[in-house]
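Lettering follows sequence order; numbering is per chain, from 1.
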Amino acid sequence: MKNRAWLFVAPVLLLVALNALVPIMAVINYSLHYSFAGSAPEFAGLNNYIEVFTDPDFLGALRRQFLFSFCVLLVQIPLGILIAMQLPKSGKSVVVCLVLLGIPLLIPHTVVGLLWRIMTVYEVGIISKIFSYVFDYSYRVTQNPVDAVLTIFFLDVWHWTPLVVLLSYAGLVAIPDQFYQAAAIDGASAWKTFRYVTLPKLRAVLIIALLLRFMDSFMIYAEPFIISGGGPGNWNTYLNQYVARKAESYELGYAGAASIAYLYIVVVCCFIFYTIMTNLGKGIKR
Amino acid sequence: MARIALKSIYHSYTFSQKDAEKMSIPDECVGTEGFVVEDLDLLWEDGTANALLGPSGCGKTTILNIISGLLRPTNGTVLFNDKNVTGYMPKERHVAQVFQFPVVYDTMNVYGNLEFPLENRGVSKKDIRRRIETIAEMLDLDDKLKAPIGSLTPAEKQKVSLGRGIVREDTAAILLDEPLTVIDPKEKWGLRRKLREVQKELRITMIYVTHDQHEALTFADHVTVVKEGQLVQTGSPEQLYADPNSPFIGYFIGTPGMNLFDCVLTDAGLQSGNIVIPISEAIRSKLALTHGSSFQFGIRPEFVQISAPRKEKWHPFTVTAIESLGPYKILTLNSNDVEIKSRAPEDMNVSEEDHVWVNFPEDKSRIFHKDVRLV
């Protein structure tokens with residue numbers, strides 16, 4: 001009788017297997033072999049991994065990736081909370097605000113990339129023009145590394161801060177008024193009210209916002225690829241694009257090892273974030 | 001410590017203060033829809049335990065928020081010790097408020113929670129420690145000071161939120177907004193007793209809002225009953241119980257509530273269906289003056305006299321239901337659509353469908369006309 005339960009779980013197990021386990025196993029298999037452009041695979045042990053972690057290109061992409069995700073989170077999370085706190089709590093304007101804020105979230109990555117690429121075309125795009133007229137600066141995404149990196153940064157902030165806003169807003173409206181009333185009676189300043197009422201009550205949604213935004217920003221691909229093909233040089237090449245390049249050049253064993261390393265890094269980082277956030281300030285006096 | 005007075009308070013969540021100024025309060029807005037509190041004059045003496053009682057949605061919490069300053073009334077004044085504090089912020093009024101569910105700061109431990117209001121007011125660390133130790137002892141929290149707030153039971157959390165109020169030495173009053181709502185039944189009694197103890201020890205004005213008449217009557221020396229934003233009656237629990245000034249109070253206070261039924265004044269007495277309750281000349285003259293002939297007759301279940309053997313001049317009723325409540329039982333009696341409840345000793349031998357004889361002693365009877373008590 002007990003075994004019958006497996007019957008009900010089987011479809012899910014099958015789905016999970018096809019969805020995650022099979023592809024991952026296949027990639028792990030590749031990563032342990034030398035496999036180049038269709039030649040017969042040859043067992044490589046951990047050599048591919050050693051190669052990945054000693055490759056300055058991989059390490060460079062990894063470093064840029066961390067820096068990018070760090071900066072993006074550093075701006076998007078506080079900005080998202082700040083905007084959410086300014087939104088009206090009730091009335092018709094709520095819907096208008098939320099819909100307007102939600103629009104960027106509905107635009108596909110490639111389209112966002114194209115929009116910003118058009119806006120930054122040298123001497124034609126609106127951003128480029130503004131820079132040349134207002135600051136007398138020639139904004140060139142394809143030539144100037146700083147311009148390219150900043151474009152991707154602002155693009156991501158524009159595209160994804162609304163997600164943090166929506167999540168924070170949902171968290172904010174769920175906080176009962178009584179907590180704010182108690183803080184007012186206790187004579188708490190605006191900052192202390194935020195620090196000891198709002199922030200702790202937002203913890204759960206902020207964990208989700210942080211994890212989603214970290215994973216997503218850590219896997220950025222389409223936008224830098226469209227805007228400048230990852231250039232100039234390697235300035236806008238992040239992990240995703242780096243691995244894809246390797247796969248495109250049929251270095252399947254090496255690309256497999258890089259992919260597994262990539263996956264591992266994402267999972268470990270998420271685990272660390274999650275652990276820190278759930279235990280943050282629990283029962284500690286201040 | 002303060003004597004708190006509300007003077008002709010009106011409050012509306014739909015009209016702004018500016019709207020209200022144009023309306024020439026109080027004339028225009030009496031009975032206007034949208035006013036949750038209307039023409040309220042209330043007084044709470046310094047150092048007393050008070051209850052504010054009323055059915056859900058009658059404006060109790062609004063009144064409380066007006067006292068604490070979380071709400072500014074649309075019209076009227078709030079006086080603390082005869083000083084007008086209507087425009088004061090909650091912090092400046094020095095009141096404490098305990099809410100329906102425990103409101104505590106999750107990221108602090110018990111000590112941190114109690115310290116918070118003092119720290120915000122710039123009290124020195126040494127005084128804070130002394131104060132917290134006193135209060136924690138009073139609330140039996142002294143062994144929990146270092147405990148994270150999440151490890152406390154709801155009753156203990158509620159004590160912490162009370163503690164945040166009384167830890168300040170200048171607290172003028174403590175407002176409790178149905179503080180036992182989420183507390184386990186077996187802990188309710190202990191917490192209510194604790195509240196009472198604290199009130200007695202600190203001689204602090206306490207206003208306890210509740211819709212539960214039992215809580216109100218056991219906690220307070222002085223009970224104020226509010227209905228639909230208006231004052232119905234105020235007095236000691238005994239007064240409210242014995243001399244309700246309206247059928248509403250009669251029915252609302254006491255378990256079960258007062259028996260009430262419509263009757264008309266005839267030559268023989270007060271008649272309802274085929275029951276005729278004889279009345280004395282003194283009462284008849286009071287009723288007959290100007291009030292027409294329809295009245296409401298009220299009597300508390302425990303004053304209804306019943307007898308199984310037939311008695312002269314008593315009224316025949318049929319027992320329709322029996323509820324046993326341990327030391328006594330509640331009988332539901334019926335006679336031609338007049339339904340009353342009566343309290344009978346547990347050992348009285350009756351069963352459903354039995355016929356019994358009932359008497360309404362005149363000195364325990366109350367007679368109402370258009371929601372006002374005449375006798």
Side-chain angles (χ1 to χ4, degrees), chain A residues 77-78 81 84-85 88-94 167-210 273-286, chain B residues 13 61 64-65 67-71 89-123 144-152 160-165 167-168 170-175 177-179:
Chain A
I77 300 282
I81 299 172
M85 285 173 70
K89 291 275 181 297
S90 57
K92 280 185 185 149
S93 48
V94 172
L167 285 169
S168 308
Y169 184 76
L172 281 175
V173 291
I175 303 176
D177 267 351
Q178 279 84 346
F179 284 91
Y180 291 103
Q181 296 176 342
I185 287 170
D186 286 339
S189 61
W191 163 248
K192 278 192 170 177
T193 308
F194 175 75
R195 166 74 183 76
Y196 295 112
V197 176
T198 311
L199 218 45
K201 293 278 165 209
L202 284 184
R203 181 210 301 266
V205 289
L206 287 183
I207 291 176
I208 293 174
L210 191 76
F273 278 142
Y274 183 79
T275 315
I276 293 176
M277 290 283 284
T278 41
N279 291 308
L280 202 68
K282 247 189 195 165
I284 299 156
K285 199 182 140 262
R286 281 282 155 101
Chain B
Y13 289 103
T61 302
L64 215 57
N65 288 346
I67 299 171
S68 63
L70 292 168
L71 271 182
M89 301 298 289
K91 187 185 169 186
E92 299 163 313
R93 298 192 189 194
H94 306 296
V95 289
Q97 195 160 349
V98 178
F99 298 92
Q100 250 176 17
F101 53 91
V103 173
V104 289
Y105 301 104
D106 303 334
T107 52
M108 304 176 194
N109 62 13
V110 175
Y111 190 92
N113 263 277
L114 296 175
E115 184 185 31
F116 194 62
L118 295 178
E119 201 186 57
N120 289 333
R121 285 169 171 79
V123 180
K144 295 235 153 81
L145 281 177
K146 294 227 159 52
I149 211 81
S151 67
L152 267 55
V160 171
S161 54
L162 172 70
R164 279 209 321 274
V167 77
R168 283 144 36 196
D170 56 359
T171 301
I174 299 172
L175 313 176
D177 189 358
E178 306 194 14

Query raised in the report: Is any side-chain heavy atom of A:Q181 less than 4.5 Å from a side-chain heavy atom of B:V103?
Result: no
Query raised in the report: Would you say B:R93 and A:I185 make side-chain contact, with heavy atoms under 4.5 Å?
Result: no
**Report entry** Contact summary for A:D186 and B:R168, nearest pair of heavy atoms
**Finding:** OD1-NH1, 4.1 Å
Report task. Work out which heavy atom in B:F99 is nearest to a heavy atom in A:A182; give both atom names and the distance. Result -> CE1-CB, 3.8 Å
Query raised in the report: Who are the ring-ring contact (aromatic ring centres under 6.0 Å, His included) partners of A:Y180, not counting sequence neighbours?
Result: none
Query raised in the report: What residues, two or more places apart in sequence or in another chain, satisfy ring-ring contact (aromatic ring centres under 6.0 Å, His included) together with A:F194?
Result: A:W191
**Report entry** Pick from A:A188, A:S189, A:P200 with the largest number of heavy-atom pairs that fall under 4.5 Å of chain B
**Finding:** A:A188
Report task. Heavy-atom distances under 4.5 Å only: say whether B:V98 touches chain A with side chain, backbone, both or neither. Result -> neither
Query raised in the report: Given that the side chain runs from C-beta out, which part of B:D177 has a heavy atom under 4.5 Å from chain A: side chain, backbone, both or neither?
Result: neither
Query raised in the report: Can you tell me if NZ on A:K89 sees more than 12 non-hydrogen neighbours from other groups inside 6.0 Å?
Result: yes
**Report entry** Test side-chain hydrogen bond (donor to acceptor under 3.5 Å, both in side chains) applied to B:K144 - qualifying residues, sequence neighbours left out
**Finding:** B:E156
Report summary line: Pair count under 4.5 Å, heavy atoms only, with chain A: among B:Q97, B:H94, B:Q100, B:M89, highest is B:Q97
Report summary line: Of B:V95, B:L70, B:N65, B:V110, the largest count of non-hydrogen pairs under 4.5 angstrom with chain A goes to B:L70
Query raised in the report: If contact means a heavy atom pair closer than 4.5 Å, which residues of residues 167-177 of chain A contact chain B?
Result: A:P176
Report task. Please state whether the rings of A:Y196 and B:F116 are parallel, tilted or perpendicular, taking 30° and 60° as the class boundaries. Result -> perpendicular
